[in-house]
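To keep things clear, I will list the structure first and then write my remarks on it.
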There are 2 protein chains.
Amino acid sequence: MLKKVLLSGFAGLAVLAVGILIGHFGIEKGSSAPSWMSDLSRDVDEKLIQEFIAEVDNVKIQENLRELTRVPHMATTAGDEATVQYMLKNWQDTDTGLDASWREDYRVYLSFPNRDKPNNVSVVSAADTVVYTVREKEKAYQSEQDDPEVVQPYAAYGPAGEVKGRLVYANQGKASDYETLNATLSLTGTIAIVRYGGAGRADKAINAAPFGVIGVLVYTDPYDINDGLMSDENETYPHSWYLPPSGVERGSYKNHFGDPLTPYLAAKNGTYRIPVENITGIPPIPIQPIGFEDAQALICELGGSAAPEDWQGSFPCSYNFGGPGFASSSPFNNSDVTLHLYNRGELRDSANVMGVIWGSVEPDRYVIYGNHRDSWVHGAIDPSSGTAVMLEIARVLGQKVKAGKWRPRRTIIFGSWGAEEFGLIGSAEYAEEYVSKLSQRTVAYINVDISVFANATLRASGSPTVQNVIFKASQQVNIPGSDSVSVYDNWIRYSNRTSAAYGNIPNVGHMTGAGSDYASFVHYLGITSLDISYTYDRSTTRARIYPAYHTAYDTFDYASTYIDPGFTSHQTVARTAGNVLIRLADGLLLPFNCSDYAETLEQFVSTAAEAFEAQLVANGISLEPLKAAVKRFRTAATSLDRTIHNSDLANDTPLRARMINDQLMLLDRAFLDPLAFPNKYGYRHVIWASRSSNVATFPGVADAVEKARASGRKEDWAQAHKHLSIVTQAISGAAHTLAEAQR
Amino acid sequence: MLKKVLLSGFAGLAVLAVGILIGHFGIEKGSSAPSWMSDLSRDVDEKLIQEFIAEVDNVKIQENLRELTRVPHMATTAGDEATVQYMLKNWQDTDTGLDASWREDYRVYLSFPNRDKPNNVSVVSAADTVVYTVREKEKAYQSEQDDPEVVQPYAAYGPAGEVKGRLVYANQGKASDYETLNATLSLTGTIAIVRYGGAGRADKAINAAPFGVIGVLVYTDPYDINDGLMSDENETYPHSWYLPPSGVERGSYKNHFGDPLTPYLAAKNGTYRIPVENITGIPPIPIQPIGFEDAQALICELGGSAAPEDWQGSFPCSYNFGGPGFASSSPFNNSDVTLHLYNRGELRDSANVMGVIWGSVEPDRYVIYGNHRDSWVHGAIDPSSGTAVMLEIARVLGQKVKAGKWRPRRTIIFGSWGAEEFGLIGSAEYAEEYVSKLSQRTVAYINVDISVFANATLRASGSPTVQNVIFKASQQVNIPGSDSVSVYDNWIRYSNRTSAAYGNIPNVGHMTGAGSDYASFVHYLGITSLDISYTYDRSTTRARIYPAYHTAYDTFDYASTYIDPGFTSHQTVARTAGNVLIRLADGLLLPFNCSDYAETLEQFVSTAAEAFEAQLVANGISLEPLKAAVKRFRTAATSLDRTIHNSDLANDTPLRARMINDQLMLLDRAFLDPLAFPNKYGYRHVIWASRSSNVATFPGVADAVEKARASGRKEDWAQAHKHLSIVTQAISGAAHTLAEAQR
């Protein structure tokens, strides 16, 4: 009986088991989750980020830099084409390349000196004898400076012309400088020598012309770039990072960015081009940059009364205004300065090199990472330090993709822009050609141009929404040579601010200017952007930028000897920027914080109120609508934050995450007004547009109020009111996009 | 034994059953499909559409119309406020209302006659005696015309002023008409009488002023509106639908749409307003509309030579140019015409009434359905016929939502716009205030203003992408009084064209003008839009519009007696437009066909080539880039069509449908260029912007080429080239948004 019961029990269990099996496998359970479910809810993989950080290789960055800087690679030259090929070779590599890589060419208007008729600056006596000639080339300390492809120093887009006149010293070439000078002497027919800084390159000539100045020389004062040091016997490069006496900063002397002949249109064959004479924002008179060695020889001979204290530089002489002209005691007495300049414009084909890793879940959402490729000479720091970093980030990610180990949620696009040095041309043409697609789909743009100015600390600027993700990434990366000090902890020591929400935090700068290729993305397209680099300890130098900037000394030797020996700062930037890139590409929720935007807007409003409110009210204009708009924005941001906090995005419908991400992605777009700044090409972002006023608030409002204050004209106050309404509507509109009670 | 075996067998079955239950319910199967899965893949429910069609009630539409037209409801009057309350009452109804409904007010600049000092037009003899006075009010046939709230006929935004001069007849007031007239006599100091048609209202005065004309009268010739009939004894309303002799078409005499003081800014308290004297596109000289009875009394007395054949109208007299002034044989010999006009501008609060049904799956995607609410007088046809239809559509849908039977996939927004008659003001302010949100999220805008002009056939215009969904909807609805003839089959008989892709199909018009509230949506926001109504059999009348348009005769009696007795055409429009609305709101895939856009672009290119290519080439401008862009667009559209065809959206990831829908939703956005038409407020869509040229192609190109042809100036040909590049880039950009190889 026992046996029978046992048997029967076993049989019963067996039957039960069969039943369970049938029940589990044999009957459809409604429907089961489809295979794509887990992909859609996947979030950033912290293990992958740790792997990425570990795999970023300083030696590979160094080798990238060596290859990129073998020859001068000014835009559209043979050297530039060599870098195009180098990018394509890397990004099309079977094992470490991207999904696809290709070039895109634009036919753009550049400006070059004439190789057969070099620009010439001389001092000519009353008897028409040349008594002094400015160097045509920088002095060679290594073979690099002797390369025939080193372009003669010149002012790109400065006009050709032959002028002759008495020399005057005009400080930085600001409008106020010429006014000061003009108060003591007649500037008509003079040549002004000015130093870099204080005003934009083109403005030094644009400001001069109305006073009758007929030519301008520009130089870099050792006070501003070399902490006063001047001797190439032992003080300047190759003995240090400082600029040798013959070094000359080249540059684009053009105020607007993008191809000058095709504003708002991609510069293709057949595209309408404005007449060359209609280009605005370029020097109306001949202008030429020279080294401080030559500048000293001229300035220290000037007559006239001594210039003010803050016009003085490091030369061991009094900086005088000029008689106009040289002192009667000078060997140049009664001599003029002549500029014989032969710059000419040319239509040239400039290439962007593009590379892409397609997104797995949201291929129609783009994270773009870019830097320009063209330099003035060898461009080791500017821009190749950034390109070397970009190549290394792409290599580590490409390798994972090729090995089938990873694919980002969103599409990653790498852009190696052409002709940036002539005014951000490659990136601007790209933005113009793809304006619709980029506006509709781009989550963020990351710019790393010069990746290492110096090796003290991280520096970052960007939209307030990305502050958080930069912090997160920088907390996960250690500074060079340390196992315990994070980039974040180091950064906060060098540059910090007090946030109402967070207390003491590193200072993330604003993207108000057009200093690099982020300009088209932020200002024209309204894409949330950030810019990252490693930079100076400002307590140890007052150099306005690294001294070899835009000179023939910005070489691999310079970079590896003085800027970042061992390339560990480059590695740190690559780790940090790459970490940000992965988080933007892989986050189920975009790592954007809209409440941080509210903090910035509140700060702008209180700055505006402090600086302008009394006078606005006196002119019948109220700040209340603006204040109300910012309050509305804060409320909406808080509400969206709460929605995000209360959401379980991994388990909610995939459209829920998409919906919130679209709100975050498009937030910066809501600040665009294409008609707000009719005279500034490409500036449409009413929060970050360029600003002349020193008041750090809404740029249109600040500049309009300053103008109205100066003129006192009713029409100018009306313009201030208009700009207030523009920014009020944009902020309200942005609040509407965050606030919507959806469901 | 048998019993035991049976028992044991039953026991075994029971155990098996328990096992099955455990296996099925007790054990997690990987993971099961979440509850939202089926919602996300749900498509349009054809049964719901049939229910909707059945439930649309002609009697309810009739009762809506009766309520809406009880009193005159010109914008911002007490009558307008009554309609605001009526909309709110309906849309906030507990059983048949929407999820939410509210009002939004804007402070806008309107123009009214002075009640205390009515506008006056007279004939004054040389002895300063008034010998004839034009009627101040339309003749009353019913109590409606006697309502003190009937606004005196006037030209809104025409200036106040008192002018006196000799009368001339200037046909339609086109620039060419004044030129013709000016060739035979001096227009200096004259008053011109012109008829409606041929030129915009304001243009009749704008064109006149440069010739020295000092005042304008406007009337509707019986030839153009009444098929020549003129007598109110038995020919005109209330005996027929024709305009009585004293009827006057009121209207906005303003070329730009939106509030005239706040272009691009929503007109709130505190918003910056331009000075009134800076308003452009309005009459520079006094202008007044009058009835044809008075016009006849004036025109038939004119002296001078006979006007050309095509200037003649239906009056039984010769239409002469004027001497200037009256014929010597006339009792008005040597008399002048005086205009004493007292119109004045006022800031008034105008309301939009909004209503919403939140979407279930994609609440952040909007389908907007709108019409204006304000009329000139009782406005039974314009606009209340459309509002009555909108209310009925909202009632049927609202009832289903309130009963828990249905909720659309996407959000449906209803808009009852204010102050349309003054220049589409309510819809324009709404577009300006919510520009970011609407641009980012709106799938389509449906406009039904005058829903029934006449009861012959459907008429539709819209973006090419919506042709298909209008066809589909119109095939499912039968014409009034038929069980078998569809709206589509009826439509194709009245208006058709040959499509390369489909053969003979009904003709869907283009949305090139700004005739109703779709203007801000199409032109300013680039939102795919359509406009639907029921209209004339053109073979039976040449009336330029229904004869009571903008007069005191556009009453419920007029509508129910002559336009749509039984309101079955209204019902047909409601069924068709509602069907389109449901399809746009519920389709898993948006019912947009991008290849139909390619067909239109190809047609525009071939029209442009035929009309302009030879002359463009002669001026060094090639059409090839444009042709290539259109080819690129066609290829991309074909590719997206194939992708859609090969997709199984119901079973693919929900982001796949969203991605394709985003491409379709944003297609029209890609044609926006905010800088293309700097002198035309709100026009940004480079395909559909308004056009002066008669060549039906890209408007910027056509107008620029015409200008260059006329002037022969190199700068004008350059502008033609620029517009070609603008449209080429927009089409290429649109192609990029369709083409992306997103794996």
Side-chain angles (χ1 to χ4, degrees), chain A residues 12 15-24 27 29-34 36-37 40 264-266 268 270-272 358 361-364 432-437 440 622 624-625 651 653-655 658-659 662 666 669-670 674-675 718 721-722 724-726 729 732-734 736-737 740 742-743, chain B residues 12 15-24 27 29-34 36-37 40 264-266 268 270-272 358 361-364 432-437 440 622 624-625 651 653-655 658-659 662 666 669-670 674-675 718 721-722 724-726 729 732-734 736-737 740 742-743:
Chain A
V15 171
L16 183 70
V18 168
I20 290 173
L21 290 171
I22 291 171
H24 187 58
I27 302 173
K29 188 181 249 174
S31 65
S32 64
W36 43 256
M37 280 283 298
L40 262 62
Y264 301 108
L265 294 168
K268 305 282 199 174
T271 299
Y272 168 68
W358 292 112
V361 173
E362 296 185 271
D364 62 337
E432 288 169 345
E433 178 165 15
Y434 299 102
V435 55
S436 310
K437 194 168 76 167
Q440 294 169 5
S622 169
E624 294 308 320
N651 294 308
T653 108
L655 295 178
R658 173 85 170 202
M659 187 167 85
D662 277 1
L666 296 172
R669 239 68 107 237
L675 305 178
H721 190 180
K722 180 179 174 184
L724 265 176
S725 290
I726 286 172
Q729 178 157 302
S732 282
H736 291 312
T737 70
E740 184 71 344
Q742 289 153 339
R743 302 198 296 170
Chain B
V15 171
L16 183 69
V18 169
I20 290 172
L21 291 172
I22 292 172
H24 187 59
I27 302 175
K29 189 182 252 176
S31 69
S32 65
W36 43 258
M37 279 285 297
L40 262 61
Y264 302 107
L265 295 169
K268 305 282 201 175
T271 299
Y272 168 69
W358 291 113
V361 174
E362 296 184 272
D364 63 336
E432 289 169 345
E433 178 166 14
Y434 299 102
V435 55
S436 311
K437 194 168 75 169
Q440 293 169 7
S622 169
E624 294 309 319
N651 294 307
T653 108
L655 294 178
R658 172 86 170 201
M659 187 166 88
D662 277 0
L666 296 172
R669 239 67 106 236
L675 305 178
H721 190 180
K722 181 179 171 182
L724 265 176
S725 290
I726 285 172
Q729 179 157 301
S732 282
H736 291 313
T737 70
E740 185 71 343
Q742 288 155 340
R743 304 205 312 154

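A, B, ... follow the sequence lines: proteins, then strands. Residue 1 opens every chain.
Every residue meeting the side chain to side chain contact (heavy atoms under 4.5 Å, CB included) condition with A/L666, not counting sequence neighbours, appears here in chain and number order: A/R669, B/Q440. The salt bridge (Lys or Arg N to Asp or Glu O under 4.0 Å) check on A/K268 picks up A/E433, with sequence neighbours excluded.
Proximity to chain B is limited to the side chain of A/D662, based on heavy atoms less than 4.5 angstrom apart. Using a 4.5 Å cut-off between heavy atoms, A/L675 contacts chain B through its side chain alone, with no backbone atom that close. Interface residue B/E432: backbone and side-chain heavy atoms are both found under 4.5 Å from chain A. Of the atoms belonging to A/S622, not a single heavy atom falls under 4.5 Å from chain B. With a threshold of 4.5 angstrom between heavy atoms, A/P34 approaches chain B through side-chain atoms but not through N, CA, C or O. The contact between B/L40 and chain A is made entirely by side chain atoms (from C-beta outward), counting heavy-atom distances below 4.5 Å.
Ranked by heavy-atom pairs under 4.5 Å with chain A, the list B/S732, B/A670, B/A734, B/P625 is led by B/A670. Of the residues considered (A/G270, A/G733, A/P654), A/P654 shows the highest number of contacts with chain B, using heavy-atom pairs under 4.5 Å.
Remark: side-chain polar atoms of A/T653 are not paired, donor with acceptor, to backbone N or O of B/W36 under 3.5 angstrom. A donor-acceptor contact shorter than 3.5 Å links the side chain of B/Q729 to the backbone of A/A266.
Here the OG1-CG distance, from B/T271 to A/L724, works out to 11.0 Å after rounding to the nearest 0.5 Å.
Considering all non-hydrogen atoms of both residues, B/R658 and A/M659 come closest at NH2-CA, 4.4 Å.
Note on ring orientation: taking the six-membered ring where Trp is involved, the planes of A/H721 and B/Y272 are perpendicular (angle over 60°, cut-offs 30° and 60°).
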